[in-house]
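Numbering of ligands and ligand atoms starts at 1, following listing order. These values consider heavy atoms only, across backbone and side chains, with no hydrogens, waters or symmetry-generated copies.
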Amino acid sequence: MVPTPQQFDVVIIGGGPAGYAAALHGGLAGLRIAVVEKEKVGGTCLHRGCIPAKEFLETATVYRTVTGAKEFGIEVEAPVVQFAQSQARKQKVVDQLWRGLQGLLKKRKVVTFAGTGSLGPDHLVRVDDGTELVGTHVILASGSVPRTIPGFDVDGRLVLTSDEVLALEKLPSSAAVIGGGAIGCEFASMLSDLGTQVTVLEALPKILPGCDKDVADVVLRSFKKRGMDVHTGVNVAGHTPSADGRSTTVHFGEQDVTVEAVVVSVGRRPLSENLGLEGTGVRVDRRGFVEVDEYMRTGEPGVFAAGDLVDTPALAHVGFAESIRIVDQILGDPVVPIDYSKVPLCIYSHPEVAIAGLSEEAAREAGYDVVTKKDPFGGNGRALIVGEPDGLVKVICEKGPDGKAGRILGVHMVGPWVTEQLGQGYLSVNWEATPAEVAEFIQPHPTLSETFGETVLALTGRGLHVG
Ligand code: FAD
């Protein structure tokens, strides 16, 4: 007898941020939810992405703090990196969060199935162990994997992607990071702080594309000051491993660099090839992204997709937001589509970067006449106290009919703890507030966020310290 497929309100393929957010949100609302996950719930973000990467960046911060302790009158011995211990601590943090997530899913009565799921007609999801599930609704959330480049076969020894870097037990003495985007810059920063000689190779004219040039320049200056070799506008043309296999020479432009490891950080590609989809109306574009409309609906009624699998910013919190909107639609609640031009982005390199909305370049390209103001952290008391004066806040506004700063289009920050300070900028951009409106609010003193307050005050023509 053929077993009847198990029936759920929602079947989710993939238990990363997009998948588990849908499960948690739907479970709380009383929906019967199944999640099919081929590895571990938590996905890239928890096991091979956001959390482990930030944990190692924190290790780098501790190293810098100890190294700079003397300036504060604290005598310590020169720090020594024991990366295996850092690796163990990272794993402890990841495992604790993983246990918490599994507990939460159970509490919300989400049923998890271990295996690879594929979708066929009539909302039937087959797990590779033969289990069959039918969802009144199906959410595809199979995420992404690192992109690679021709000529750089990932071997986990000489050529690494983020997956392998985050599993290292010992750091290389030298590394070429191919790609100067957010993840590449985070790795470059971490490796350099912990003693690796780093070369960054970026094909575009500047590192951190998408960030305001003034912001990216601060990161570039800091990287160079710390001894990193940064090349922009260069294409890598392969590499030649040494005879003993302990190093390799990377060729770019007319130049070469010999390193112990190559970190390929050129973005991620959607993982759609294992989803089945034959006989369904779900369409996949030529780059592998599942096509959705602004409500995350695929071409198959009742089937949605979210997260890195769709062509929207590849960020965990974007996946959360998309999934929450999907579940709200399933529940019959009103939903406002996401405005992707205004989602927040944080980069945890040293110095940190945090942005919401348009850069000055992007605003001009979009046809806006703009008024901008930037205020450096060098004049901020707290920044000097913590010994991190490098950085700035830049606010980009639409020029009003009176020539003054109108609606805030973008807030781009670089410097100490800006990833924790973006909230006000994010709200200002999304509320389409003007500097005059935001300047009404009081910033506590002495805080790093006074720099944002000063910048908006200056845009009203009444800066306290900034002209
Ligand atoms: P994933 O997290 O990739 O999860 C998909 C899940 O689906 C996986 O668990 C996979 O095993 C499973 N799966 C795939 N196919 C199937 C199948 N057919 N059947 C069953 N299961 C399947 N984002 C941020 O917002 N902030 C950061 O600071 C940040 N840092 C990052 C640092 C690094 C090094 C990396 C690599 C990424 C980082 N990201 C960051 C991006 C973030 O990790 C992703 O945007 C996020 O994980 C995407 O979530 P997702 O659920 O769409 O996909």
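Residues His412 and Leu358 form no side-chain contact, since every pair of their non-hydrogen atoms from C-beta on lies 4.5 Å or further apart.
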Check: every ligand 1 N/O to protein N/O pair under 3.5 Å:
from, atom 1, to, atom 2, distance (Å)
ligand 1, 2 (O), Thr44, N, 2.9
ligand 1, 2 (O), Thr44, OG1, 3.4
ligand 1, 3 (O), Thr44, OG1, 2.6
ligand 1, 3 (O), Ser144, N, 3.4
ligand 1, 9 (O), Glu37, OE1, 2.7
ligand 1, 9 (O), Glu37, OE2, 3.0
ligand 1, 11 (O), Glu37, OE2, 2.7
ligand 1, 15 (N), Asn274, ND2, 3.2
ligand 1, 18 (N), Gly117, O, 3.0
ligand 1, 18 (N), Asn274, OD1, 3.2
ligand 1, 18 (N), Asn274, ND2, 3.4
ligand 1, 19 (N), Gly117, N, 2.8
ligand 1, 21 (N), Lys38, N, 3.1
ligand 1, 23 (N), Ala316, N, 3.3
ligand 1, 25 (O), Ala316, N, 2.8
ligand 1, 25 (O), His317, ND1, 3.3
ligand 1, 28 (O), Lys54, NZ, 2.6
ligand 1, 30 (N), Lys54, NZ, 3.0
ligand 1, 45 (O), Asp308, OD1, 2.8
ligand 1, 45 (O), Asp308, OD2, 3.3
ligand 1, 45 (O), Ala314, O, 3.3
ligand 1, 45 (O), Leu315, N, 3.3
ligand 1, 45 (O), Ala316, N, 3.4
ligand 1, 47 (O), Cys45, N, 3.2
ligand 1, 51 (O), Pro17, N, 3.2
ligand 1, 51 (O), Ala18, N, 2.9
ligand 1, 52 (O), Asp308, N, 2.8

Could you pull out every donor-acceptor pair under 3.5 Å between side chains of residues 195-204 and any protein atom, sequence neighbours left out?
from, atom 1, to, atom 2, distance (Å)
Thr196, OG1, Pro172, O, 2.7
Gln197, NE2, Gly227, O, 3.1
Glu202, OE1, Gly180, N, 2.6
Glu202, OE2, Leu204, N, 2.8

Please tabulate, for the side chains in residues 42-51, all donor-acceptor contacts under 3.5 angstrom to protein atoms that are two or more places apart in sequence or on a different chain.
from, atom 1, to, atom 2, distance (Å)
Thr44, OG1, Arg268, NH2, 3.2
His47, NE2, Val41, O, 2.9
Arg48, NH1, Glu39, OE1, 3.2

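In this model, a donor atom of one side chain and an acceptor atom of the other lie less than 3.5 Å apart for Glu322 and Thr312. Defined by atom type and a distance below 3.5 Å, a donor-acceptor pair is missing between the side-chain atoms of Glu300 and Thr280.
Applying the salt bridge (charged side-chain N to carboxylate O under 4.0 Å, His left out) test to residues at least two apart or on different chains, the pairs with a partner in residues 223-233 are Asp193-Arg226, Lys225-Asp390.
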